[in-house]
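A quick write-up on the structure given underneath.
Proteins come first, then strands; the chains are lettered A, B, ... in the order of their sequence lines, and each starts at number 1.
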Amino acid sequence: MTDTAEQRTEDVPPYRYTARRANEIEQKWQDRWDEERTFWTPNPRGPLSEGFERVADRTKLYVLDMFPYPSGAGLHVGHPLGYIGTDVYSRFKRMTGHNVLHPMGYDAFGLPAEQYAIQTGQHPRVTVEQNIATMRRQLRRLGLDHDPRRSFATTDVQYYRWTQWIFLQMFNAWYDEERETSRPIDELVAEFESGARSTPDNRPWDELDAVERRQVVDSYRLAYLDEVAVNWCPALGTVLANEEVTAEGRSERGNYPVYKRPLKQWMLRITKYADRLLDDLDLLDWPESIKIMQRNWIGRSEGADIVFPVENHEGLGIRVFTTRPDTVFGATYMVLAPELEIVDEIVTNEWPSGTPTRLRGPFGTDVSPVEAVEAYREYAATKTDLERQAEGREKTGVFTGAFAINPVNDKRIPIFVADYVLAGYGTGAIMAVPGQDQRDWDFAEEFGLEIIRTVQPPPDFEGEAYLGDGPAINSGFLDGLDVADAKRKITEWLEETNNGAGAVTYKLRDWLFSRQRYWGEPFPIVYDETGLPVALPESMLPVELPEMGDFEPRIVGDEEETLPEPPLARAEEWATIEADLGEGRKTYRRETNTMPQWAGSCWYYLRYLDPTNESRIVDAEVERYWMEGDTPSGGVDLYVGGAEHAVLHLLYARFWHKVLYDLCHVSTPESFARLFNQGTITAHEYVDERGFYVPADEVEERDGRYYFEGKEVTRQQGRMGKSRKNAVTPDDIYEGYGADTLRLYEMFMGPLDASRPWNTADIVGVHRFLQRFWRNAIDEETGALRVSEAPADEETRRILHRTIDAVRNDMERLQFNTAIARLFELNNRLTAVVGETGTAPLEVVSAMTLMLAPLAPHLAEEVWSRLGHPESLAYEPFPESDPAYLVEEEVEIVVQVDGKVRARVKIPAGAGEADHEAVARADERIAQLLEGAEVLKVIVVPGRLVNFVTR
RNA sequence: GUCGGAGUGGCGGAAUAGGCAGACGCGCUAGCUUGAGGGGCUAGUGCCCGCAAGGGCGUGGGGGUUCAAGUCCCCCCUCCGACACCA
């Protein structure tokens with residue numbers, strides 16, 4: 001048998017649009033775009049401003065992708081979906097008169113890069129550079145319209161120098177809650193010095209010594225050190241932010257166990273911005289689901305703080321937060337989080353007389369309260385969140401032996417420690433109201449505690465906590481009030497009697513910002529002999545990462561109490577510096593933690609604007625030009641990326657932006673005006689009976705069953721990936737069809753924001769479309785144009801203008817799949833015209849080439865140039881529809897009898913209702929159906945339908 | 001459990017404002033292209049009954065509003081995603 005592939009290439013007409021030709025064309029135009037600097041986007045001033053006068057009258061448009069992580073695995077066809085989407089959009093907007101900025105960079109610090117480097121035994125800088133080079137090549141091959149001058153990696157020294165600079169801004173700033181803005185720290189110091197602001201413990205500023213003053217000031221900074229219970233992940237050798245830990249108490253990356261450990265760490269005061277981060281969501285054109293996730297993450301709750309005095313402890317009160325102050329009369333006990341320090345003060349040495357056995361905890365009847373509490377604390381600390389998790393979790397806890405006094409009724413109530421109360425939320429202490437809270441109810445049942453309902457449940461309600469509305473009962477002066485009124489009244493009472501006050505609490509916590517890893521931005525911070533942090537001056541930036549041969553994380557401490565050791569601590573020469581930082585030349589020790597991966601991605605969109613600026617993060621005028629717009633929030637005009645960043649990156653970046661805004665480094669309150677989440681591309685994956693993945697491209701289908709090497713396998717739908725053996729690489733598609741076909745297919749598969757299954761077999765459809773369009777314009781045998789100057793016939797022209805209208809609308813809304821469908825229809829018409837006349841009307845070919853340009857830019861450029869245009873079409877105006885061709889002279893309407901379609905009739909456009917009915921009745925079939933029937937009602941929707949109702 | 005999102009032919013998916021369900025593509029069927037084919041062209045293709053004309057049924061299930069429901073309302077099921085003792 002002969003080689004069929006070879007035979008085929010011999011048979012193919014010489015000028016057909018084949019994969020080989022597509023590849024040639026694509027290479028050629030990618031080179032030309034580079035040479036002609038087609039996608040260099042001019043700034044209004046500065047080093048990138050060349051050519052600005054040519055676009056000065058255009059509207060700016062900033063289109064941004066969530067930049068990729070340069071992994072070593074290479075791309076599969078699922079990765080570039082969003083990049084193609086933004087490319088199509090930015091090319092379209094360039095053709096509709098915008099000055100479009102569409103940059104691309106690389107997010108290259110962080111764990112994956114470091115782990116990859118450790119695996120391959122190379123320095124992360126080496127592997128990162130290799131991976132970026134590979135990725136650049138792969139993205140270039142797609143023909144994306146990025147401005148190459150604006151690309152950088154977050155690991156570039158000249159980039160992270162400014163990441164460090166932003167950290168310094170936060171270190172040197174504090175949040176003024178009265179003015180609701182961050183201000184320079186010097187202004188705080190001035191307030192202390194002048195006495196305008198009193199110190200936290202009300203001592204006069206003059207009486208504080210230098211160290212005390214520094215401690216006070218440090219406690220106000222946006223970036224501050226704190227000893228906190230961190231999420232320590234020994235397997236990753238680092239601590240993690242709350243956001244990086246799953247509900248099961250495991251690391252988001254790698255799924256390793258995570259433990260709580262107290263450690264001194266850098267924190268960023270994001271909680272001060274909670275309300276603004278919440279409120280300003282209203283300014284944003286974001287998917288509602290993402291806004292909801294951010295709102296939930298911030299988790300604002302309104303309620304009240306109530307102080308419960310502790311019996312036998314003069315002046316000691318326990319402050320609790322509750323969203324239901326109206327239920328305070330039903331508080332029958334209190335619970336403290338085991339970690340709270342106040343527990344030590346109140347816990348008793350002996351059980352009060354009459355303490356039931358079950359209140360003494362699970363540690364035996366002979367232990368004292370102190371011992372029981374201590375044992376319980378240990379038990380709670382060693383438990384991972386996973387163990388605490390399971391649904392229907394049993395409530396555990398220990399009585400402290402102490403009692404509190406309920407301020408509303410002077411009732412004596414026992415105080416417990418229990419791990420169902422979290423130290424990090426509210427005040428870490430609760431008043432327990434089993435009647436209206438199911439968790440308290442469960443605990444009360446477990447320990448046999450009193451339950452008092454304070455809201456009247458419906459008559460048939462029993463057996464559990466009642467959370468609904470109803471009149472207050474057993475509640476003294478609140479009795480009879482509904483929940484909202486009772487809340488109001490009790491809050492007033494608390495404030496008047498000084499027993500508490502209205503309060504707001506957030507789920508959001510301050511951002512843990514230290515990592516014990518090598519591959520991250522070093523902090524621009526040193527420590528002096530006091531152990532307090534000292535900021536390096538801007539002139540000492542960047543603080544470069546030291547070269548280290550061994551950058552693996554180490555774990556110190558014994559097995560039970562392991563702790564992370566930052567690799568930078570081992571770079572001894574680097575870690576110690578001598579400098580004059582205002583107190584004469586001294587020896588300082590550097591901060592050896594590094595910043596988390598999110599740091600670099602918090603502000604990269606600003607650096608694209610002015611990537612080479614050495615004196616500022618971004619030139620002020622350039623920043624205003626690109627970020628201020630006609631959106632309510634300002635910021636990037638379109639930001640496209642995966643929904644997995646709903647609360648991490650997108651919240652952190654908004655926070656940094658607001659800090660920079662407060663400190664007058666940027667001009668808009670928000671960073672991303674419009675957000676769009678592209679879907680994921682899924683693929684079939686096949687598992688054998690042992691549960692192992694088998695190569696998807698070697699599976700055969702017979703009668704709806706699937707076989708690999710003769711054995712039946714199961715098919716599932718899942719993410720595409722190497723490990724699942726179902727990855728399709730772009731190179732596979734380039735080889736068979738070319739990049740334009742790949743682009744078009746990815747845009748045609750479905751709506752950009754929906755997840756959709758990859759199906760290589762479907763690609764031929766879009767490939768055939770490109771082939772047909774090419775053939776309509778160019779003779780496959782001779783390569784000559786088949787275009788005629790003669791005008792298109794009326795109907796073709798009508799279709800053309802309707803297509804233009806629809807495509808423009810769809811492109812604007814990122815509905816590329818339907819735009820492409822319209823182009824298919826137009827091309828089908830064009831094919832018919834060419835079939836009849838032998839030539840294609842130029843007006844159709846030209847317009848269609850331009851409409852295709854954003855989607856299949858290489859082919860479009862090639863046809864455009866063959867049509868005789870020497871310049872790239874990147875800046876050609878997008879076709880505009882002629883309204884004259886959009887109105888029909890005659891429209892087809894539907895005639896229904898009792899809602900069922902019985903006929904279709906033609907009627908002049910704009911006809912009146914009476915005409916509609918008359919024409920409908922005139923139809924033979926309709927007349928027949930209506931004969932003898934009583935028409936009760938006639939519904940006419942002009943231009944659409946007539947409905948005769950007979951019953 | 002809570003909060004989101006989604007269920008439409010054999011498959012991917014269309015369907016401004018409640019008004020022709022299934023655009024467009026894949027696949028499939030038939031014909032043409034003097035053979036073969038990951039080729040080209042033409043026609044057909046939601047399901048059922050019927051030679052046809054035509055009729056019936058159809059957007060996860062059940063109810064409702066309406067002349068008219070994929071679209072609006074109520075209840076339920078399934079799948080995907082996020083959060084998860086938040087007082």
Yes or no on ring-ring contact (aromatic ring centres under 6.0 Å, His included) for Tyr379(A) and Tyr376(A), after CA distance, side-chain angles and deciding distance? CA-CA 5 Å; Tyr379(A) 153 83; Tyr376(A) 185 75; 5.4 Å; yes
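- Separating the P atom of rA6(B) from that of rA15(B) is a span of 14 Å, rounded to the nearest Å.
- Between rA21(B) and Lys900(A), no contact under 4.0 Å exists linking OP1 or OP2 to a side-chain N or O.
- Taking only side-chain nitrogens and oxygens, Ser301(A) comes nearer than 4.0 Å to OP1 or OP2 of rA87(B).
- Side-chain atoms of Glu934(A) and Thr950(A) form no donor-acceptor pair, as typed in the model, at a separation below 3.5 Å.
- Contact annotation: Arg925(A) reaches the phosphate of rG55(B) (side-chain N/O to OP1 or OP2, under 4.0 Å).
- Counting atom types as modelled, Asn947(A) pairs a side-chain N or O with a base atom of rC67(B) as donor and acceptor under 3.5 Å.
- Salt-bridge check for Lys395(A) with Glu446(A): failed, with every basic side-chain N at 4.0 Å or more from each acidic carboxylate O.
- Taking only side-chain nitrogens and oxygens, Arg768(A) comes nearer than 4.0 Å to OP1 or OP2 of rC26(B).
- Partner assigned to rG37(B) is none, using Watson-Crick or G-U wobble distances below 3.5 angstrom.
- Comparing the same atom, P, in rU8(B) and in rA30(B) gives a spacing of 29 Å after rounding to whole Å.
- Across every strand in view, rG81(B) sits in a pair with rC3(B) that passes the Watson-Crick or G-U test at under 3.5 angstrom.
- For Phe748(A), counting side-chain heavy atoms from C-beta on, the closest listed nucleotide (rG13(B), rC67(B), rC24(B)) is rC24(B).
- Side-chain contact, Asp442(A) with Tyr420(A): no donor N or O sits under 3.5 Å from an acceptor N or O.
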